[in-house]
Structures are given as structure tokens and as C-alpha cells.
Protein chains: 2
Amino acid sequence: MARTPRNTLSSELIVRTALELMESRGADAFSLRGVAAELGVGPMALYTYFRNKDELYDAVRDHLMGLLPAVPGDAAWPDQVRAVCRSLRLLMLQHPCLAQLLAGRPLSGHETARVAEGLLGVLRAAGFDAETAARTHTTLFTYVLGSTSWEIQMAAERRDPEAWRRLRATMESLSARDFPSVVELAPELARTTGGDEQFDYGLDLLLAGLQLRTPS
Amino acid sequence: MARTPRNTLSSELIVRTALELMESRGADAFSLRGVAAELGVGPMALYTYFRNKDELYDAVRDHLMGLLPAVPGDAAWPDQVRAVCRSLRLLMLQHPCLAQLLAGRPLSGHETARVAEGLLGVLRAAGFDAETAARTHTTLFTYVLGSTSWEIQMAAERRDPEAWRRLRATMESLSARDFPSVVELAPELARTTGGDEQFDYGLDLLLAGLQLRTPS
DNA sequence: ACCTGAACACCGTTCAAGT
DNA sequence: ACCTGAACACCGTTCAAGT
């Protein structure tokens with residue numbers, strides 16, 4: 001790697017490089033030393049811009065959250081809620097490391113507040129009281145987080161031949177006596193580990209439940 | 001640490017020790033070398049029982065999932081579903097490392113199949129068709145995973161004074177013009193980051209939506 | 001089979017120093 | 001302020017060897 005001249009580093013450049021490495025080599029293989037090597041500087045050069053590895057993680061997460069599109073203003077509130085949830089899921093699918101960044105690190109940046117603001121604004125405008133809006137926001141956010149993380153996890157597993165082989169082997173070793181439903185529904189279970197349809201199914205259940213409590 | 005004599009090691013002992021260390025020192029600080037030191041053996045002794053670190057992770061996860069209580073047989077199906085979801089959440093709260101073990105590693109053991117079996121059995125008995133049962137299972141499972149992981153995350157943050165200070169600082173720095181809803185609902189948001197009530201709120205939304213599709 | 005000990009190729013981070 | 005270089009205290013894992 002070519003040695004970079006002085007004063008060409010910046011937090012933005014480091015964040016961009018970190019993100020690239022997380023996406024090409026996987027979030028688990030990510031390291032500060034790897035970023036430094038990619039930038040052609042010593043590992044300690046990064047400490048001028050970030051106090052430690054966690055701060056860099058937070059910066060990458062906030063950078064990604066900044067890519068979230070705004071809430072569509074011209075729609076009924078259930079469609080607005082759907083749009084916010086779908087765009088968060090889409091962002092996570094496009095940047096799989098985001099799942100780990102959201103689940104593994106406490107929130108601290110303004111950018112996570114933007115999702116909250118979008119969702120809360122829609123719910124308040126729909127007439128829900130403060131407590132219900134807050135509860136609904138947390139429910140929707142954690143649903144998107146959980147279901148999309150799972151989806152990414154399962155997709156990664158399908159790509160890893162060894163893991164996939166093991167999963168198949170375990171499924172086939174389950175006795176139909178002890179696990180009648182799992183054995184019977186194996187094909188359906190395999191089909192519902194992810195995808196737009198599965199995501200929307202759960203989201204629609206939540207929205208249907210929510211619409212029963214509509215204030216107006 | 002006293003040197004352990006030969007043939008006193010076993011996979012069960014290693015799993016138990018690993019679990020203790022994850023719970024006392026935190027799942028992030030967990031290491032194979034730490035387990036070996038605690039057992040008074042060299043790091044390589046563990047490789048007789050587990051091919052690598054991930055296999056030990058899986059064994060710990062399956063051990064924990066084995067602690068799940070059976071589904072109560074004498075209840076209406078929505079109550080049965082509630083019971084399964086609540087007991088999975090409770091297990092995760094009692095063993096916070098389980099959240100990371102479930103999210104971070106592919107499933108492979110029989111023990112994860114037990115949760116699926118319980119839930120699927122209930123849903124099939126209630127009259128749902130194969131596809132709906134599978135979709136509902138995935139939705140419920142990912143909701144429990146996502147909401148409880150988030151709850152654990154937030155609780156950990158509250159205990160860490162530095163992280164807590166930073167979160168407060170960010171919340172207060174949000175302008176009421178750009179983030180009107182977040183600023184207005186800050187107290188409500190703080191109250192809905194976890195707890196039985198918040199969990200049941202989301203679960204009830206899902207169940208309400210589901211009951212609209214009840215077959216009978 | 002069960003376990004040791006040395007070694008390899010990594011980590012994040014501290015500390016003192018240079019420009 | 002910005003960055004280097006050596007060092008510290010760790011990792012997981014391989015490999016050859018001992019019992």
C-alpha cells in the first residue's frame with residue numbers, strides 16, 4: 001500500500017474506507033489495522049480522528065442511517081409507516097453490516113433519531129397519544145431490526161456450503177415423532193426465512209392490530 | 001488455576017464453564033483461552049471436544065435453549081402463543097448472552113427446533129394452514145429476538161455511565177425544530193425501551209392482527 | 001483419545017517520540 | 001495537530017509431540 005502523504009486523512013475518508021472493508025470482507029473480519037493498511041498509514045493514525053474502535057463503528061452506523069430517505073408526505077398513515085419500515089429494511093439489506101452495528105452498539109448519534117422522528121411524526125399526526133406512539137415506534141423498530149437481521153443471517157448461511165449442509169443434516173435428523181410440525185412444515189419454513197412477502201406479512205399483522213386502536 | 005488431572009474434562013463441563021464466564025465477564029470478553037485458564041488446562045485441550053470457537057458457541061446456545069419450558073397444553077391458542085414468546089424472552093433476559101448467540105450464529109442444533117415445534121404445533125392446532133403457520137412462527141420468533149435484544153442492549157447502556165451520559169447529551173442536543181416528536185416524546189421513549197408492558201404491547205398487536213385471520 | 005508447548009498471524013490500545 | 005514505531009497484553013488456531 002502506498003504511503004499516504006500528510007493531511008490527506010479525514011474522518012469521512014476513514015468512515016468510507018471502513019464501510020468498504022466491512023462490505024467486501026465482512027463485518028466480522030473488520031479491523032482497525034485493516035483500515036489503516038488500506039489507507040497506507042500506521043494503525044495509530046486513526047486515533048487522531050476516533051478515540052477507539054467503537055467510535056468508528058458508531059460513525060459508520062450514523063453514516064449509513066443518514067442514507068435513509070425521508071417519509072413520503074402524501075399518503076395515509078399506514079402506508080407511511082410501511083414506507084419507513086421498508087426503507088429501513090432495504091438499507092439493512094444493502095448494507096448487511098448495519099444489522100450488527102445497530103444491534104451491537106448503543107445508539108448515540110443524531111442519525112438514529114431521524115428514523116424515530118419520521119415514525120413518531122406519522123403516528124402523532126394519525127392521532128395516537130404520546131405513550132402509544134412511543135410504544136408503537138419501539139415495536140416497529142425492533143420488528144424491523146429482528147426480522148431483517150434474521151433474514152440476513154439466513155441468507156449468509158445459505159451461501160456458506162458447510163453451514164448449509166449442517167442445517168440440512170439437522171433438519172433431516174429430526175424425528176417425525178418428536179418434531180411432527182417442524183418436519184411436516186420444513187418446506188414452508190425454508191420459504192419463510194426472508195423475502196419481501198415474509199417481511200410484509202409480519203408488518204401487516206402489526207398494522208392490522210394497530211388499526212384496531214385507531215383513535216379517530 | 002490448579003492443573004486439572006487427565007480425563008476430567010467433558011463437553012458438558014466446558015459448556016458450563018463457558019456459560020459462567022459469558023455471564024460473569026460478558027459475552028464480548030469471552031475467549032477460549034479464558035475458558036481453558038478457568039479449567040486449569042492449556043488452550044488446545046478444548047479442541048478435543050470442539051472443533052473451533054463457533055462450535056462451542058453453538059453448544060452453549062443449544063444448552064440454553066434446552067432450558068425452555070414446554071408449551072402449556074390447557075389454554076386457548078393465543079394464550080399458548082403468548083406463553084411461548086414470553087418464556088423465550090424470559091430466558092434471554094436471564095441469559096443475556098443468548099441474544100448474541102441467537103443473532104450472531106446460524107442455527108444448527110435440535111434445541112432451536114424445539115421452539116419452532118412448540119409454536120408451530122399450537123398454530124396448526126388452531127387451524128392455520130401450513131404457510132400461514134410458518135410465516136407466523138418466523139414473525140413471532142423475530143419479534144421476540146429483536147425486541148428482547150434491544151431491551152438487553154438498552155439495559156446495558158443504562159448501566160454504563162459513559163454511554164448513558166452520551167445518550168442523554170445527544171437527546172438534549174436535538175433541536176425541537178428538526179426533531180419535534182423525538183424531543184416532545186423523550187420521556188415516553190425512555191419508558192418504552194423495555195419491560196413487560198412494552199413487550200406485551202407489540203405481542204398483542206401481532207396477536208390482534210392474527211386473530212383477524214383466524215380460520216374457524 | 002487426550003492433552004501439552006511452542007509458534008504463527010493476527011488483534012486493540014498505550015506510550016513516547018517525532019514533525 | 002497529525003502521525004510514526006515499538007511495545008504490551010491479548011486473541012484463535014496449526015502443528016508436532018508426548019502419554
Side-chain angles (χ1 to χ4, degrees), chain A residues 1-22 24-61 97 100-101 104-106 108 160 162-163 166, chain B residues 1-22 24-61 97 100-101 104-106 160 162-163:
Chain A
M1 233 19 83
R3 166 71 35 102
T4 308
R6 274 191 175 243
N7 289 320
T8 52
L9 241 47
S10 70
S11 353
E12 291 76 29
L13 179 61
I14 295 171
V15 166
R16 248 188 0 251
T17 311
L19 181 57
E20 277 169 27
L21 285 181
M22 281 187 195
S24 60
R25 296 217 256 278
D28 293 331
F30 172 80
S31 73
L32 282 184
R33 290 177 113 106
V35 178
E38 183 71 25
L39 287 167
V41 297
M44 291 315 298
L46 308 180
Y47 282 76
T48 308
Y49 303 90
F50 300 96
R51 278 215 308 237
N52 51 38
K53 198 187 186 186
D54 282 341
E55 271 202 1
L56 178 52
Y57 276 137
D58 291 347
V60 173
R61 179 202 54 197
C97 57
Q100 274 155 276
L101 290 171
R105 290 280 312 146
S108 73
D160 177 8
E162 165 62 15
R166 257 187 11 196
Chain B
M1 233 17 84
R3 167 70 37 100
T4 308
R6 273 184 178 249
N7 289 318
T8 52
L9 243 47
S10 70
S11 353
E12 291 76 31
L13 180 61
I14 294 171
V15 166
R16 249 190 355 253
T17 310
L19 181 58
E20 277 168 29
L21 286 181
M22 282 187 194
S24 60
R25 296 217 256 278
D28 292 332
F30 172 79
S31 73
L32 284 183
R33 290 177 114 104
V35 177
E38 182 71 25
L39 287 167
V41 297
M44 291 315 298
L46 308 181
Y47 282 76
T48 310
Y49 302 91
F50 301 96
R51 277 215 307 236
N52 50 39
K53 199 188 186 186
D54 283 341
E55 271 203 2
L56 178 53
Y57 277 137
D58 291 348
V60 173
R61 179 202 55 195
C97 56
Q100 274 154 278
L101 291 171
R105 290 282 311 147
D160 178 7
E162 164 62 13

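Note on naming: letters A, B, ... go to the chains in the order of the sequence lines (proteins, then strands), and numbering restarts at 1 for each one.
- A:L13 places its CG atom 14 Å from the P atom of D:dC2, with the value rounded to the nearest Å.
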How does each nucleotide of nucleotides 7-14 of chain D score, in 5' to 3' order, for protein heavy atoms under 4.0 Å: base (B), sugar-phosphate only (S), or none (-)? B---BBBB
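- Note on B:F50: nothing from the nucleic acid sits closer than 4.0 angstrom, heavy atoms only.
- The C1' atoms of D:dA9 and C:dA9 are separated by 16 Å, rounded to the nearest whole Å.
- Counting only residues at least two apart or on different chains, no salt bridge (charged side-chain N to carboxylate O under 4.0 Å, His left out) pair has a member in residues 13-22 of chain B.
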Please table the atom pairs, donor to acceptor, closer than 3.5 Å between any side-chain atom in residues 40-54 of chain A and protein atoms at least two apart or in another chain.
unit_1	atom_1	unit_2	atom_2	d
A:T48	OG1	A:A45	O	3.3
A:Y49	OH	A:L9	O	3.3
A:N52	OD1	A:D54	N	3.3
A:N52	OD1	A:E55	N	3.1
A:K53	NZ	A:Y57	OH	3.3
A:D54	OD2	A:R105	NH1	3.3

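- The side chain to side chain contact (heavy atoms under 4.5 Å, CB included) test applied to A:S24 returns A:L21, not counting sequence neighbours.
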If a pair means Watson-Crick or G-U wobble with both distances below 3.5 Å, what does DNA chain C look like in dot-bracket form, with | marking bases paired to a different strand? ||.|||||...|||||.||
Extract all donor-acceptor atom pairs below 3.5 Å that involve side chains of residues 28-35 of chain B and protein atoms in other chains or at least two apart in sequence.
unit_1	atom_1	unit_2	atom_2	d
B:D28	OD1	B:Q100	NE2	3.0
B:S31	OG	B:G34	N	2.9

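- Of all heavy-atom pairs spanning A:T17 and A:E38, the tightest one is CG2-CG, 3.5 Å.
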